Protein chains: 2
Amino acid sequence: MFRINRMTDYAVVLLVDMARKRTVRSAQQIAAETGVPLPTVSKIMKTLTRDGLVTSVRGAGGGYALGREPGVITVADMIQAVEGPIALTSCVEEAEEECGIESLCPMHGHWTQVNTAVRGALATVSLADMAADQPMFGVPAQ
Amino acid sequence: MFRINRMTDYAVVLLVDMARKRTVRSAQQIAAETGVPLPTVSKIMKTLTRDGLVTSVRGAGGGYALGREPGVITVADMIQAVEGPIALTSCVEEAEEECGIESLCPMHGHWTQVNTAVRGALATVSLADMAADQPMFGVPAQ
DNA sequence: GCATTACGGACTAATTCGGTCCCTTTTTAA
DNA sequence: TTAAAAAGGGACCGAATTAGTCCGTAATGC
Ligand code: SF4
Ligand code: SF4
C-alpha cells in the first residue's frame, strides 16, 4: 500500500482550505472548518510556515494565510514541506541515509531515474488543481 | 522523506539479479550474491511468487526464476506485488480503508488524479531498465 | 529414505507515526 | 497596564507499522 503519510494528506487538506478562503484565519477556525483536530493543525502549520508555503501572523487576531499563489504550489512542494526531500530509496542523491548493501547492489543509480519520474508526476498537479470544485475528468494526468 | 519501504527495495534488487542471471537458483544463492539476508530473501520470494513475477521450483535443486520477460515488468508491478495497490490516500478507489474526515474533506476525488500520475510514472520504468548496466543518462524520465 | 528446497504462517523487537501537551513570545484590545 | 488571543518551539507518549527471524510442513530429486 504505497501511500503518503497522514500528516501530509492533512497538510494538503489545510492548504486547499486556505486556497479557497483567501484570508488570515486562526488555526482554531481552520480546524473547525476542516475537521482536522486543532493540535494537529497547529503542528502542521508550523512546518508549512518553515517552508514559506503559508505565512503566519502572530498575536491576537492573527492566524495563517497562503504564502504563494495556489497555481505555483505543486503537490511535490507540499509533500516535501512535510516529509522532507523526495527520495524513494536511500541511494538517490537527495537521501541522507546510507544503505547497508550499497556496495553489492546491482542497480546503483537506477532508482534516481524512477525518483525523477515520480517527482515529475507530483509536480504536474498544483494546489489550484486540488482546490478546484470538480475533479478534472478528462484531463490526462501525465 | 517520501520513500518506498525497504522490503520493496530489496524485492527490486532481487528481481534485477534474476533478470541478469536467467536461471533457476536457490534462495540461498541469491542471498549470497546480493547481500540480502536469507530469511528476508525467502520472505520476499514468497510474495513475488504469489503475483507471478517469479516462478518457483520446489524440491532439491529447485529455486526461483523470473516469471516474465524483464521488459514487461514495470516498477509499478513490483511495488504492487510487495505493498499491494498503489493508493496514495485512503480516498482513491483502490484503497480499502476509510478516512475519518472524508465527509468534510474539501477535495474528495482530487487525489485520484495525483495517484494516476504517480502510477503512470512508475509504469514508465521496466525491470529491464533497472537491470541495465549503466544508468541511462540523458533519457528524459517523464 | 534422505537431503534439499520452497511454502505458509506465527512471532517479536525495533522503529516510526500520530497526536497531545506545555510553556514562551508576540500582538491586539480593553 | 493588563489580559486575552494567537503562533512558535519542542518534549513526550501510546499506538501502529515494519523488518526480520523462526518453525513446522510439503514437495522433489538422488
Ligand atoms: S543501494 Fe541498492 S539496496 Fe541500497 S537503497 Fe540503493 S537500490 Fe536499494
Ligand atoms: S477524504 Fe480528504 S482527508 Fe480523507 S484521505 Fe481523502 S483527501 Fe485525505
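Hydrogens, waters and symmetry mates play no part in the numbers below; they use all other heavy atoms, side chains included. Keep in mind that what you see is a predicted model, and the values were worked out from it rather than measured. First the proteins, then the strands, lettered A, B, ... as listed; each starts at 1.
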Checklist entry - Is the phosphate of C:dC7, meaning OP1 or OP2, less than 4.0 Å from a side-chain N or O of B:S56? => result yes
Item to check | ring pair (Phe, Tyr, Trp, His ring centres under 6.0 Å) involving B:F2 - partner list, sequence neighbours excluded | outcome: A:F2
Next on the checklist: By the side-chain hydrogen bond (donor to acceptor under 3.5 Å, both in side chains) test, which pairs, at least two apart or in different chains, include something from residues 14-25 of chain B?
Outcome noted: B:D17-B:K21, B:D17-B:R25, B:K21-B:E33, B:R22-B:E69, B:R25-B:E33
Next on the checklist: I need the residues from residues 21-45 of chain A with at least one non-hydrogen atom less than 4.0 Å from DNA chain C; give them sorted by number, or say none.
Outcome noted: A:P37, A:P39, A:T40, A:K43
Next on the checklist: With a 4.0 Å cutoff (strictly under), does any side-chain N or O of A:R6 reach OP1 or OP2 of D:dA16?
Outcome noted: no
Item to check | Distance (rounded to the nearest 0.5 Å) between B:R3 CZ and B:T8 OG1 | outcome: 11.5 Å
Checklist entry - Below 4.0 angstrom from OP1 or OP2 of C:dC7, is there any side-chain N or O of B:Y64? => result yes
Item to check | In one Ile/Leu/Val/Met/Phe/Trp/Tyr side-chain cluster, 4.5 Å: B:V24, B:Y64 | outcome: no
Next on the checklist: Using only modelled atom types and a 3.5 angstrom limit, is any donor from either the side chain of B:K46 or the base of C:dG8 paired with an acceptor on the other?
Outcome noted: yes
Next on the checklist: Return whichever of A:Y10 or A:G59 has its heavy-atom-nearest nucleotide of DNA chain C closer to the 5' end.
Outcome noted: A:Y10
Checklist entry - CD1 of A:I101 versus P of D:dG20: gap in Å, rounded? => result 10 Å
Checklist outcome for this item: Between CG of B:D9 and C1' of D:dG20 the distance, given in whole Å, is 15 Å
Next on the checklist: Please report the distance, rounded to the nearest Å, between CE in B:M7 and P in D:dT17.
Outcome noted: 17 Å
Checklist outcome for this item: Minimal heavy-atom distance between A:T124 and A:D129, with the atoms involved, is O-OD2, 3.9 Å
Checklist entry - Is the base of C:dT27 touched by the side chain of A:R58 through a donor-acceptor pair closer than 3.5 angstrom? => result no
Item to check | B:I86 backbone acceptor or donor facing B:N115 side chain under 3.5 Å | outcome: yes
Checklist entry - Between C:dG19 atom C1' and A:N5 atom CG, what is the distance in whole Å? => result 13 Å
